[in-house]
Q: 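What follows is a structure written as structure tokens; I'll ask about it next.
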Amino acid sequence: MLDMQFIRENPDLVKQVCVNKKEDADIDLLLKLDAERRKIIRTVEKLKNRRNVASKKISELKREKRDASSVIAEMKTVSEGIKVYDTKIKEFDKEIYEQMKWVPNIPHESVGHGEDEKDNVVVSEWGEAPEFNFEPADHIQLGTSLELFDFARSAKISGAGFPLYKGYGALLDRALINFMLDTHTKNGFVEISPPYLVNSQSAFGTGQLPKSKDQMYYVEEDDLYAIPTAEVPVTNLYRDEIFSEDQLPIWYCAYSSCFRREAGSYGKDTKGFLRVHQFNKVELVKFTVPEKSYDELESLRESAEGIIRALGLKYKVVSLCDGDLSFAASKCYDLEVWAPGEQKYLEVSSCSNFEDFQARRINIRYRQSLGGKLQYVHTLNGSGLATARMLVALVETYQTQEGTIRIPEVLQPYMHGMKEICPE
RNA sequence: GGAGGGGUGGCCGAGCGGCUUAAGGCAACGGUUUGCUAAACCGUCGUAGGGGUAACUCUACCGGAGGUUCAAAUCCUCUCCCCUCCGCCA
């Protein structure tokens, strides 16, 4: 959510951002409603002032046991007027809010202009693509022959896109999760294990609602949404709360399963683990003062990158252009790992700075040490990382000619010391 | 699911139709004085919105939404959340 005053003062900028981000919020209508609303406020507040003054008079007269009926009669009509205007203001507030919900966040000045993902900028690349003296298999072949996953049976019990891990596949996934959580907590993140179902207020707070309502699983009977990422519960932890400045920054990491309907994406990346309805992810979330948020974004990205490096996977960092930037983000880096079996990069993390866009929606503020002013915090988050796609890159990168999969050294302690996954 | 209790400023907590401009305390900030992890005293101190170049001023806000009334933190209705007990269950 943007500040109305900001929109009032920078209408052209906001309009341009809507065009660049391909959002069709009606800024002119919004400005008109805002001006209209303020005009009514001026009128009604004059009336309310009259009422307050008269009210005091009435109470004085009553105390002195004098007649107040003429003032009361007059106030009756004034009050009726107030009621009419108040109703009008409420209508305007609602209308303005309806429009405001669709206004996207302003990109940071360092974000490039572009149409879509093809205009994203590669910031850095790391690692070497593995070389094979044989034709590398993809994760589905590997997973099937080693019995790591069972897509056919999970489709039977739930449907396509619901993965099932088995044996060493399940162990590998668990190893990845534990390795990530241990690494992040060692680096200063506090671990959170959040609820998986959240109320609509939470889904709205982090920006999933209203825009991506159809992308979430919804339990109608209880009005609860299955989380598409741990970002939702963790960011909402401090909804309607006020920090003191010395409490910031706060760094959280949270493992959760993530649920996404992926409506409308049928036929795209449908193979195996590439795009699924349920996957596991360790999420990183930060709350910080505005001055530090871009430093925190860089450090957040490094935390996520550290995992990929430790696993020895080739990857690249991409800075999203404004056309590819999500609704709520000011700046975003995508981390993409190389999957040699697929012969393509897979997005395993998005590290974003939302500045005060989320904080404004969910009302998270902090009191400045100097001056004691209340200000909105900045929120950031990034995957650190999603395991489903990491598994794809991992098994494809570390496959051998014998059809086994070598285990990266950092994961071995989490795999009971196993160095290699071999056929049974 | 059933029965009670409760939601008031950063925190605690009084108020239960008009002498409230939400008491009082804590915390915070500024100052005076005395000085060994500090105390005492004085002062300032909610948030949001509107108007004004400004000092300032007006309006709203007591979980949320309606209602009664000239007037609502206070009365009524609905609703959400928290706590305790009972039931059911992992």
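Fair warning: this is a prediction, and the values are worked out from it, not measured in the lab. To find a chain, count down the sequence lines: A is the first, B the second, and so on, and within it residues start at 1.
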Q: Need the pair for B:C62. Rule: Watson-Crick or G-U wobble, both distances under 3.5 Å, any strand; none if unpaired.
A: none
Q: With rounding to whole Å, what would you report as the distance between B:C80 and B:U32 at their C1' atoms?
A: 50 Å
Q: Classify the side-chain pair A:Arg309/A:Tyr315 by whether it contains a donor and acceptor separated by less than 3.5 Å.
A: yes
Q: Give the nucleotide from the list B:G50, B:U59, B:G10 with an atom nearest to the side chain of A:Arg367.
A: B:G10
Q: When rounded to the nearest Å, what value does the distance between C1' atoms of B:U20 and B:A72 take?
A: 13 Å
Q: Please give the distance between the P atoms of B:G17 and B:A38 as a whole number of Å.
A: 46 Å
Q: Can you tell me if A:Ser110 and A:Lys331 form a side-chain donor-acceptor pair at under 3.5 Å?
A: yes
Q: With respect to the phosphate group of B:A71, does any side-chain polar atom (N or O) of A:Ser79 fall under 4.0 Å of OP1 or OP2?
A: yes
Q: Let me know, please, whether A:Ile242 or A:Val53 comes out on the 5' side of the other along RNA chain B by nearest nucleotide.
A: A:Ile242
Q: Let's test this: given Watson-Crick or G-U wobble pairing with both distances under 3.5 Å, identify the partner of B:C88.
A: none
Q: Are A:Asp24 and A:Cys18 packed together at the side-chain level, in the sense that at least one heavy-atom pair is separated by less than 4.5 angstrom?
A: no
Q: Could you tell me whether A:Lys57 contacts a base, only the sugar-phosphate backbone, or nothing, with contacts defined as non-hydrogen atoms closer than 4.0 Å?
A: nothing
Q: Any carboxylate oxygen within less than 4.0 angstrom of a Lys/Arg side-chain nitrogen, looking at A:Arg50 and A:Glu74?
A: yes
Q: Just wondering, do A:Leu2 and A:Arg360 contact through their side chains at under 4.5 Å, heavy atoms?
A: no
Q: Which nucleotide in the set B:A60, B:G51, B:U47 lies at the smallest distance from any side-chain heavy atom of A:Arg42?
A: B:G51
Q: Taking a pair as Watson-Crick or G-U wobble with both distances under 3.5 Å, which nucleotide is matched to B:C36?
A: none
Q: Contact between A:Thr387 and A:Lys281 at the side-chain level, heavy atoms closer than 4.5 Å - yes or no?
A: no
Q: Could you tell me the separation between the CD atom of A:Gln5 and the P atom of B:G49, rounded to a whole number of Å?
A: 8 Å
Q: May I ask you to verify whether the side chain of A:Glu45 and the base of B:G51 hold a donor-acceptor pair under 3.5 Å?
A: no
Q: Let me know the distance between CZ of A:Arg37 and P of B:A48, rounded to the nearest Å.
A: 15 Å
Q: Tell me the interatomic distance from A:Lys46, atom NZ, to B:U57, atom P, rounded to whole angstroms.
A: 18 Å
Q: For A:Lys21, is there an ion pair with A:Glu23 - N to carboxylate O distance below 4.0 angstrom?
A: no
Q: Return whichever of A:Tyr376 or A:Ser59 has its heavy-atom-nearest nucleotide of RNA chain B closer to the 5' end.
A: A:Ser59
Q: Could you please name the partner base of B:U69, counting Watson-Crick and G-U wobble pairs only when both distances are under 3.5 Å?
A: none
Q: Touch check for A:Arg50, heavy atoms < 4.0 angstrom, all strands: base, sugar-phosphate only, or nothing?
A: nothing
Q: Is A:Arg239 touching bases, backbone alone, or none of the nucleic acid, heavy atoms closer than 4.0 Å?
A: nothing
Q: Is the phosphate of B:C58, meaning OP1 or OP2, less than 4.0 Å from a side-chain N or O of A:Asn52?
A: no
Q: Quickly work out the A:Tyr85 OH to B:G49 P distance and round it to whole Å.
A: 24 Å
Q: For B:G31 versus B:C82, give the span between their P atoms, rounded off to a whole number of Å.
A: 44 Å
Q: What is the distance, rounded to the nearest whole Å, between atom NZ of A:Lys94 and atom C1' of B:G66?
A: 14 Å
Q: In whole angstrom, what separates A:Asp223's CG from B:C80's C1'?
A: 11 Å
Q: Mind checking the C1' distance from B:G6 to B:U79? Whole angstroms is fine.
A: 16 Å
Q: Is A:Arg8 close enough to B:G50 that one of its side-chain N or O atoms is under 4.0 Å from OP1 or OP2 there?
A: yes
Q: For B:G24, which nucleotide in any strand shown is its Watson-Crick or wobble partner with both distances under 3.5 Å?
A: B:C12
Q: What is the distance, to the nearest angstrom, from the CG atom on A:Asp240 to the P atom on B:G9?
A: 12 Å
Q: What's the closest nucleotide to the A:Ile58 side chain, out of B:G18, B:A60, B:G66?
A: B:G18
Q: Check A:Arg8 with A:Asp34, please: is the shortest side-chain N to carboxylate O separation under 4.0 Å?
A: yes
Q: Hunt down the Watson-Crick or G-U wobble partner of B:A54, both distances under 3.5 Å, from any strand shown, or write none.
A: none
Q: In whole Å, measure the gap between the P atoms of B:A60 and B:A22 for me.
A: 11 Å
Q: Just call it for A:Lys62: base, sugar-phosphate, or nothing, with non-hydrogen atoms closer than 4.0 Å on any strand.
A: base
Q: Across all strands, who's sitting opposite B:G43 as a Watson-Crick or G-U wobble pair, both distances under 3.5 Å?
A: B:C29
Q: Indicate whether OP1 or OP2 belonging to B:G50 is found under 4.0 Å from a side-chain N or O atom of A:Lys39.
A: no
Q: Report yes if the side chains of A:Phe162 and A:Phe151 come closer than 4.5 Å at any heavy-atom pair, otherwise no.
A: no
Q: Rounded to whole Å, please give me the gap between CD1 in A:Ile72 and P in B:G17.
A: 18 Å
Q: Of the candidate nucleotides B:G18, B:U59, B:G50, which contains the atom at the shortest distance from the side chain of A:Asn49?
A: B:U59
Q: Quote, to the nearest angstrom, the P distance that separates B:G9 from B:G64.
A: 10 Å
Q: Write down the partner of B:G4 under the Watson-Crick or G-U wobble criteria, each distance required to be under 3.5 Å.
A: B:C83
Q: Taking atom P in both B:G67 and B:G49, compute the distance separating them and give it to the nearest angstrom.
A: 25 Å
Q: B:U68, B:G50, B:U47: which one has an atom nearest the side-chain heavy atoms of A:Lys83?
A: B:U68
Q: Taking only side-chain N and O atoms of A:Arg38, does any of them lie within less than 4.0 angstrom of OP1 or OP2 on B:G51?
A: yes
